[in-house]
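Notes for the one structure printed next.
So you know, we letter chains A, B, ... as the sequences are listed, proteins then strands, and number each from 1. Note that the structure is predicted; figures quoted are calculated from it, not measured.
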2 protein chains.
Amino acid sequence: MGPVKTVKSDELALRLVDEAGRILSAEGPAALTLRRLAQTVGISTMPVYTLFGDKRGLLSAMYRDGYRRLGDALRTAGEGVDDPLLALLDIGHAYRATALANAHLYDLMFGRPDPAFEPGPEAQEVADAAYRPLVDGVRRCVDAGLMTGGEAERIAFHLWSVSHGMVSLELAGLQRSHPAQAYDEAMVFSATPFLV
Amino acid sequence: MGPVKTVKSDELALRLVDEAGRILSAEGPAALTLRRLAQTVGISTMPVYTLFGDKRGLLSAMYRDGYRRLGDALRTAGEGVDDPLLALLDIGHAYRATALANAHLYDLMFGRPDPAFEPGPEAQEVADAAYRPLVDGVRRCVDAGLMTGGEAERIAFHLWSVSHGMVSLELAGLQRSHPAQAYDEAMVFSATPFLV
DNA sequence: TTCGGGGAATAACACTGTTATAGTCGAGTG
DNA sequence: CACTCGACTATAACAGTGTTATTCCCCGAA
């Protein structure tokens, strides 16, 4: 295969992943049909198979793209803030914001929609890369002498777990009132054991 | 409609929900087909529609049943332990155990598999009833003077969120090592800000 | 016994993912 | 420049899904 064609193909693949994410976030997983997707993009259903091999392949690409976007959001949120603790708070807010912005993609990333959709070690890599900014933010706090009580990775994973739990419960509709305020409180509570 | 028929129908409904949960946990959501379910139970697909009206109705019944089972597990775990803090730990362990025991049902309860599958206020009620034992356990600790720093409901929701986050990340395959130990640590960390 | 009605079985419909078949367009060669 | 070859595409067919219309049967009441 020539290089020009692959460029074209990559372009089409990007457009497909993008439009699929739009459909998924707008109308839910039931509306994400290969025929529907192909029609809105203006092609047939076959290119999806030549590009991704399968619908699972498309979902896997969306999965990776979602983690990539999440990582970008966390990274840009962490940059530009001098106070390491405030940067950590901004990262937490960015996490919730991006999760709420496209809830169905979040479901795809953290749920297992299909038994054949195994995350695999590659998925673990993209997830690690996505929450790397959080680890860096925690490490900044540790290096600045603001946090202690464990390795940065462990603390970061705990913070991630709390944020994810709050957002997940909120998305599931199991949050009685003032979700934003409850999220802020949870962030403070989860960081408390590690503050000096 | 006569009472006898409703009893029979209720029996069949229970069997359907039970077998559907078994199929879901064993082979995933893709295997949960109405024809498959009807065949294994030994009936046609029609009774499913007369009993639940829809596949969404069946999923909704499974949803409620899952929360009911979760609530039972938490309640039985909380009873029989004198030390309120140890009871809280047992509740947390029971939460993780039941979640891991039937992961796909957990997905159904905390994810939104279908856009038309709105949890609604009724779902919020069953969820509240399910984690009521946790609230009671926290209240016991507060009343015993072992915890403080907020209302029992707020503290319980925070603990729930942490447990749910840890279990959810573990189920998503995003846990590097020793998930049980990490879960225990997270429980301690999440309770630390409230211990006297 | 007869009749009526509610639920169940069968089969049809529209739709899905997937695949086999056929067609079409462009690039490389004589 | 004509031609052939090959990859990629669209069309259509296949198996299977949720759902529904039709038919049928069986059980209870008059």
Side-chain angles (χ1 to χ4, degrees), chain A residues 1-17 19-21 23-24 26-63 104 107-108 112-118, chain B residues 1-17 19-21 23-24 26-63 104 107-108 112-118:
Chain A
M1 47 182 173
V4 179
K5 295 197 176 179
T6 58
V7 168
K8 277 189 193 173
S9 295
D10 283 3
E11 223 172 285
L12 179 59
L14 282 179
R15 206 150 53 112
L16 281 173
V17 169
E19 187 63 35
I23 293 176
L24 185 64
E27 306 177 38
L32 184 52
T33 299
L34 291 191
R35 287 176 173 84
R36 161 77 183 278
L37 174 65
Q39 187 181 346
T40 60
V41 175
I43 58 171
S44 175
T45 61
M46 274 305 296
V48 179
Y49 287 89
T50 63
L51 285 176
F52 303 101
D54 213 344
K55 188 182 184 180
R56 286 191 356 253
L58 171 67
L59 293 177
S60 186
M62 295 170 65
Y63 176 95
H104 284 289
D107 269 9
L108 176 64
R112 289 167 308 301
D114 204 270
F117 188 74
E118 283 292 331
Chain B
M1 48 178 170
V4 180
K5 294 197 175 178
T6 60
V7 167
K8 275 189 191 172
S9 294
D10 282 4
E11 224 171 284
L12 179 59
L14 282 178
R15 206 149 54 111
L16 282 172
V17 169
E19 187 63 35
I23 293 176
L24 185 65
E27 307 177 38
L32 183 52
T33 299
L34 292 190
R35 287 176 174 84
R36 161 76 183 278
L37 174 64
Q39 188 180 348
T40 59
V41 174
I43 59 171
S44 176
T45 61
M46 274 306 296
V48 180
Y49 287 89
T50 63
L51 284 176
F52 302 101
D54 212 344
K55 189 182 184 179
R56 284 188 2 249
L58 171 68
L59 293 177
S60 186
M62 296 170 64
Y63 176 96
H104 284 289
D107 270 8
L108 176 63
R112 290 166 306 302
D114 205 271
F117 188 75
E118 283 291 331

- Task: Give A/T33 one of three labels, base, sugar-phosphate or nothing, depending on what nucleic acid heavy atoms sit under 4.0 Å from its own.
- Result: sugar-phosphate

- A/I23 atom CD1 is separated from C/dT16 atom C1', nearest whole Å, by 15 Å

Polar-atom pairs under 3.5 Å, protein N or O versus N or O of nucleotides 19-21 of chain C: list them with distances, or write none.
none

- Query: So which nucleotide from C/dA9, D/dT17, D/dA13 ends up closest to the side chain of A/R35?
  - Reply: D/dA13

- Task: Could you tell me which residues satisfy side-chain contact (heavy atoms from CB on, under 4.5 Å) with B/L51, sequence neighbours excluded, listed by chain and number?
- Result: B/S9, B/L12, B/A13, B/L16

- For the side chain of B/S60 and the backbone of B/G57, is there at least one donor-acceptor N/O pair under 3.5 Å apart? no

- Task: Rounded to the nearest angstrom, tell me the gap between atom NZ in B/K55 and atom P in D/dT17.
- Result: 9 Å

- Mind checking whether A/L58 and A/M62 have side chains closer than 4.5 Å, heavy atoms only? yes

- Message: Measure CG/A/L12 against P/D/dC8 and give the value in whole Å, please.
- Response: 12 Å

- Message: For the CG atom of B/D107 and the CG atom of B/L24, what is their distance to the nearest 0.5 Å?
- Response: 8.5 Å

- Query: Which distance, rounded to the nearest 0.5 Å, do you find between the CG of A/L37 and the NZ of A/K55?
  - Reply: 9.5 Å

- Starting at CG of B/L16 and ending at P of C/dA8, how long is that distance when rounded to a whole Å? 10 Å

- Message: If I take atom CZ in residue A/F52 and atom C1' in nucleotide C/dG17, what distance separates them, rounded to the nearest angstrom?
- Response: 16 Å

- Task: Have a look at A/L37 and say if it touches a base, only the backbone sugar-phosphate, or nothing, with a 4.0 Å heavy-atom cut-off.
- Result: nothing

- Item | Shortest non-hydrogen contact from A/S44 toward A/A38 | O-CB, 3.3 Å

- Message: Tell me which pairs pass side-chain hydrogen bond (donor to acceptor under 3.5 Å, both in side chains) where either residue lies in residues 33-42 of chain B, with sequence neighbours left out.
- Response: B/E27-B/R36

- Distance in angstrom units between B/L34 CG and C/dA11 P, rounded: 18 Å

- Query: Just checking B/L51: base, sugar-phosphate only, or nothing, at a heavy-atom cut-off of under 4.0 Å?
  - Reply: nothing

- Query: When all nucleic acid strands are considered with a 4.0 Å heavy-atom cut-off, which category describes B/S44: base, sugar-phosphate, or nothing?
  - Reply: base

- Task: Rounded to the nearest angstrom, tell me the gap between atom CG in B/L59 and atom C1' in D/dT17.
- Result: 14 Å

